[in-house]
Number of protein chains: 2
Amino acid sequence: MAVHVLAVLAYKEGDRVTSALLAGSVNTNPVIIRRLLLALQRAKLVETCKGAGLGSRLNRSPGRINLAEIYRAVENSEPFATPSRKPNAACPVGNCIRETLDRVFASAQEALERDLEKTTLAAVIGEVKAAGACGRKKVG
Amino acid sequence: MAVHVLAVLAYKEGDRVTSALLAGSVNTNPVIIRRLLLALQRAKLVETCKGAGLGSRLNRSPGRINLAEIYRAVENSEPFATPSRKPNAACPVGNCIRETLDRVFASAQEALERDLEKTTLAAVIGEVKAAGACGRKKVG
DNA sequence: ACAAATGTAATGACGACAGTTACATTTTTT
DNA sequence: AAAAAATGTAACTGTCGTCATTACATTTGT
């Protein structure tokens with residue numbers, strides 16, 4: 001959803017876009033979009049202004065935004081679940097395995113993010129435009 | 001939790017272990033463990049038998065089990081959420097972006113799994129044992 | 001025959017997240 | 001100055017996935 005929103009903003013590069021229009025494109029509620037935009041603002045990916053005729057726009061060119069940044073801006077929880085209950089204190093495995101797995105999972109997540117870094121928002125838009133036979137001209 | 005269970009089974013290599021004992025180590029309910037074991041059986045990672053004095057054991061040596069296999073055995077849903085609602089049909093971005101992102105996400109997930117492949121269950125156990133100062137001798 | 005163990009169904013509790021409504025606040029436009 | 005447009009934010013609901021619990025049928029060894 002975040003990529004979708006940023007892609008629409010990239011289409012309208014320079015112009016400000018309202019959350020209502022973005023919500024129309026994603027087919028959801030404007031409040032959902034605004035909550036998403038807050039996260040993207042914190043990551044300095046978009047700039048948003050209140051007021052009549054205003055809205056949001058990209059803060060950087062699409063070629064300078066990669067999907068790992070979007071992932072980090074939006075995804076707050078770890079991809080690997082860690083059990084809620086504490087392990088049995090009398091079991092050496094349960095006592096020590098957590099920190100070992102934390103290292104392994106951190107490495108795996110880094111690998112994932114490094115792969116996402118290879119794709120820019122501009123590249124996504126390029127593919128969407130190339131496959132553009134399926135759409136009309138109007139964005140929003 | 002799956003890695004934890006398999007690690008305990010590796011500790012008791014050869015011996016059969018009951019779901020009740022495994023549940024004690026993870027500090028959860030035996031039924032949870034049994035459901036987990038079903039997935040690990042499907043992946044041919046463990047062998048389980050019903051009956052008095054029976055239980056589960058590893059089907060392969062810990063050096064021949066890597067974390068990617070465990071991940072695939074247990075994790076059924078995609079790590080990236082795809083929106084439930086259909087996008088606005090009048091928006092070319094919404095129409096085409098899904099398949100582009102599917103490719104990108106599949107690549108990222110492959111990168112993650114390739115990283116997990118580099119760690120074997122034996123390696124995890126080795127680290128746990130090396131940090132063994134924190135535990136007692138009894139497993140289970 | 002009995003005990004021990006798994007397989008499985010039904011149900012509940014809980015958290016994460018999308019969604020919705022409502023409203024205060026800010027800024028442009030007129 | 002007033003109105004309109006837009007965001008920021010709070011409160012609440014619904015849904016979904018997962019862990020948890022209880023209960024019971026089934027299988028297998030002693």
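Below, chain A is the first sequence line, B the second, and so on; all start at residue 1. Model, not experiment: these values are computed from the prediction. Side chains are part of it too, since the values below use all heavy atoms of this structure and drop only hydrogens, waters and symmetry mates.
Put simply, CD1 on A/Ile33 is 11 Å from C1' on C/dA18, counting in whole angstrom units. The separation between A/Arg16 atom CZ and D/dA5 atom C1' is 14 Å, rounded to whole Å. Residue B/Glu47 contributes atom CD, which lies 13 Å from atom C1' of C/dT6 at whole-angstrom precision. Look at NE2 on A/His4: it is 16 Å from C1' on C/dA18, rounded to the nearest Å. Taking atom CG on B/Leu21 and atom P on C/dA4, their separation rounds to 15 Å, with Å as the unit. A straight line from CG of A/Leu36 to C1' of D/dT9 spans 16 Å, rounded to a whole angstrom. Between B/Leu22 atom CG and C/dA4 atom C1' there is a gap of 15 Å when expressed in whole angstrom units. One interatomic measurement links the two molecules: CG of A/Leu40 to P of D/dG8, which rounds to 11 Å at whole-angstrom precision.
With respect to the salt-bridge test (charged N to carboxylate O, under 4.0 angstrom), the residues A/Glu99 and A/Arg103 do not qualify.
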Between B/Asn29 and B/Ile33, does the side chain to side chain contact (heavy atoms under 4.5 Å, CB included) criterion hold? Intermediate values first, please.
CA-CA 7 Å; B/Asn29 194 290; B/Ile33 299 295; over 6 Å; no
Evaluation steps, side-chain hydrogen bond (donor to acceptor under 3.5 Å, both in side chains), between A/Asn66 and A/Thr120
CA-CA 4 Å; A/Asn66 66 60; A/Thr120 66; over 6 Å; no
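At a threshold of 4.0 angstrom between heavy atoms, the contacts of B/Ile32 include nucleobase atoms, whether or not backbone atoms are also involved. Using a 4.0 Å heavy-atom cutoff across all strands shown, B/Leu37 reaches no nucleic acid atom at all.
Projected onto DNA chain C by closest heavy-atom contact, B/Val31 and A/Thr28 fall at different nucleotides, the more 5' of which corresponds to B/Val31. Comparing B/Asn76 and A/Leu54, the nucleotide of DNA chain D nearest to each residue sits closer to the 5' end for A/Leu54. Projected onto DNA chain C by closest heavy-atom contact, B/Leu38 and A/Ala52 fall at different nucleotides, the more 5' of which corresponds to B/Leu38.
Residue A/Asn29 places its side chain closer to C/dT21 than to any other of C/dT21, D/dT7, D/dT26.
Residue A/Ser19 has a polar side-chain atom (N or O) positioned under 4.0 Å from OP1 or OP2 of D/dT7. In this structure, A/Arg34 does not reach the D/dG8 phosphate: none of its side-chain N or O atoms is under 4.0 Å from OP1 or OP2. OP1 or OP2 of C/dG7 lies within a sub-4.0 Å distance of a side-chain N or O belonging to B/Gln41.
Sorted by first and then second residue, the salt bridge (Lys or Arg N to Asp or Glu O under 4.0 Å) pairs with a member in residues 33-46 of chain A form an empty list; sequence neighbours excluded.
You'll find the side chain of A/Glu47 stays beyond 4.5 Å of the side chain of A/Ser56, heavy atoms only.
B/Arg35 contributes a side-chain N or O that forms a donor-acceptor pair with the base of D/dA20 under 3.5 Å.
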